[in-house]
Trainee: 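Have a look at the structure that comes next, please.
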Number of protein chains: 2
Amino acid sequence: MSPAKHPQRPGGRSARVRDAVYTAVGQLMGEGRPDRLTIPMVAQRAEVNPTSVYRRWGDIDTLLEEVSVAALTREGDEPPDTGSISGDLTQWAQIIVDDITRPQRTRYLRAMVSAREAVESCPCWEQRRGQAKDMLARGIERGEVAPTEHQVLDHVIAPLYHHVVFGLPTDRAYAERLVGDVLAMARPADKA
Amino acid sequence: MSPAKHPQRPGGRSARVRDAVYTAVGQLMGEGRPDRLTIPMVAQRAEVNPTSVYRRWGDIDTLLEEVSVAALTREGDEPPDTGSISGDLTQWAQIIVDDITRPQRTRYLRAMVSAREAVESCPCWEQRRGQAKDMLARGIERGEVAPTEHQVLDHVIAPLYHHVVFGLPTDRAYAERLVGDVLAMARPADKA
């Protein structure tokens with residue numbers, strides 16, 4: 001197999017390689033092999049030439065990152081729109097809990113942690129930040145008092161992921177408590 | 001080597017085995033082998049019989065857990081006592097940041113995440129919870145408005161560990177921001 005001449009051609013060989021590689025990563029993860037995936041392992045399972053994988057992704061961390069982002073954002077890019085920040089954040093946090101507590105997703109996240117040495121930034125948090133920003137901006141337009149998007153990431157997203165990767169209890173009630181806390185943070189300090 | 005007849009005798013063979021095993025775990029971690037330590041690997045490095053290690057700790061997760069707790073609490077069990085909750089939490093969070101951002105400690109934490117499948121509870125959070133409880137109780141005695149210890153764990157400790165294990169930026173300024181947020185949560189809602 002020689003490397004593709006037109007790697008950007010949509011729906012062509014390039015897309016087929018990507019699908020095969022994503023599927024292979026998902027399968028290997030699903031089989032509970034989060035310890036240290038390698039590009040040759042993935043290439044073999046995907047039945048593609050390792051050289052193609054190296055050329056396109058460079059290293060296993062970049063590949064895992066990309067697959068994780070794709071997986072983490074699969075539920076749809078649009079955050080809830082319930083008419084209140086409280087409702088939006090609660091529903092959003094519950095979607096995230098349901099998602100990241102699935103055993104296969106938890107394995108993904110732990111594999112991301114193992115792969116972390118080399119990776120600098122994490123697009124999945126950027127994705128979450130964008131969603132938080134949208135929900136908060138809508139609330140502010142409606143005249144609601146809102147926490148910042150950083151507060152939402154630090155005090156809702158971070159504890160949820162922390163609990164999941166360290167195997168601490170994580171459920172919808174916990175998510176609701178975190179949302180309550182971050183909303184309490186946003187109370188205007190000296191309006192009275 | 002036959003197993004010790006008096007495993008609880010303090011300062012005796014039992015303590016020597018523990019020290020050798022802890023040191024071996026620390027060395028292997030320090031050499032950057034967080035992927036999947038095994039009891040035979042640790043026993044070989046510690047020059048003790050694997051059977052003794054299995055008998056005492058049962059499995060590698062329990063051993064890693066115990067070593068981590070010992071490591072995480074090494075700075076001394078007493079949390080800061082500066083005269084205010086704000087001062088205590090800020091100093092405490094900074095000690096934790098300085099500690100968990102050291103490369104060797106970060107590797108420990110990532111190894112704990114990898115080892116997590118089997119472990120149910122995590123004594124290190126219990127340790128942190130106890131310290132938080134002490135600091136908050138002193139503040140309440142002084143008449144300060146205090147967040148709960150769960151809020152401190154969820155909104156200071158969890159984001160710090162989350163940032164470290166996922167390789168996101170973690171420094172004292174970030175810790176200070178988290179402490180500010182958790183104190184804002186504790187503002188009395190309708191005192192005005």
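As a basis for the values below, the full set of heavy atoms in this structure was taken, side chains included, without hydrogen atoms, waters or symmetry mates. Because the structure is predicted, anything quoted here is derived from the model rather than measured. Each chain gets a letter, A, B and so on, in the order the sequences are listed, and its residues count up from 1.
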Trainee: Measuring from atom CG of B/Leu153 to atom NE2 of A/His162, what distance do you get when rounded to the nearest 0.5 angstrom?
Mentor: 8.0 Å
Trainee: So, do B/Leu178 and A/His155 sit near enough that their side-chain heavy atoms are less than 4.5 Å apart?
Mentor: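 Heavy-atom side-chain distance check passes, below 4.5 Å.
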Trainee: Which pair of non-hydrogen atoms, one from A/Ala158 and one from B/Pro159, has the smallest distance, and what is that distance?
Mentor: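 Residues A/Ala158 and B/Pro159, closest heavy atoms: CB-CA, 3.8 Å.
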Trainee: If you round to the nearest 0.5 Å, how far is CD of A/Gln151 from CZ of B/Arg177?
Mentor: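 Spacing of CZ (B/Arg177) from CD (A/Gln151) equals 8.0 Å.
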Trainee: I'd like to know whether CD of B/Glu144 has more than 12 heavy-atom contacts from other residues, nucleotides or ligands below 6.0 angstrom.
Mentor: yes
Trainee: Do A/His163 and B/Asp154 come within less than 4.5 Å of each other through their side chains, counting heavy atoms only?
Mentor: yes
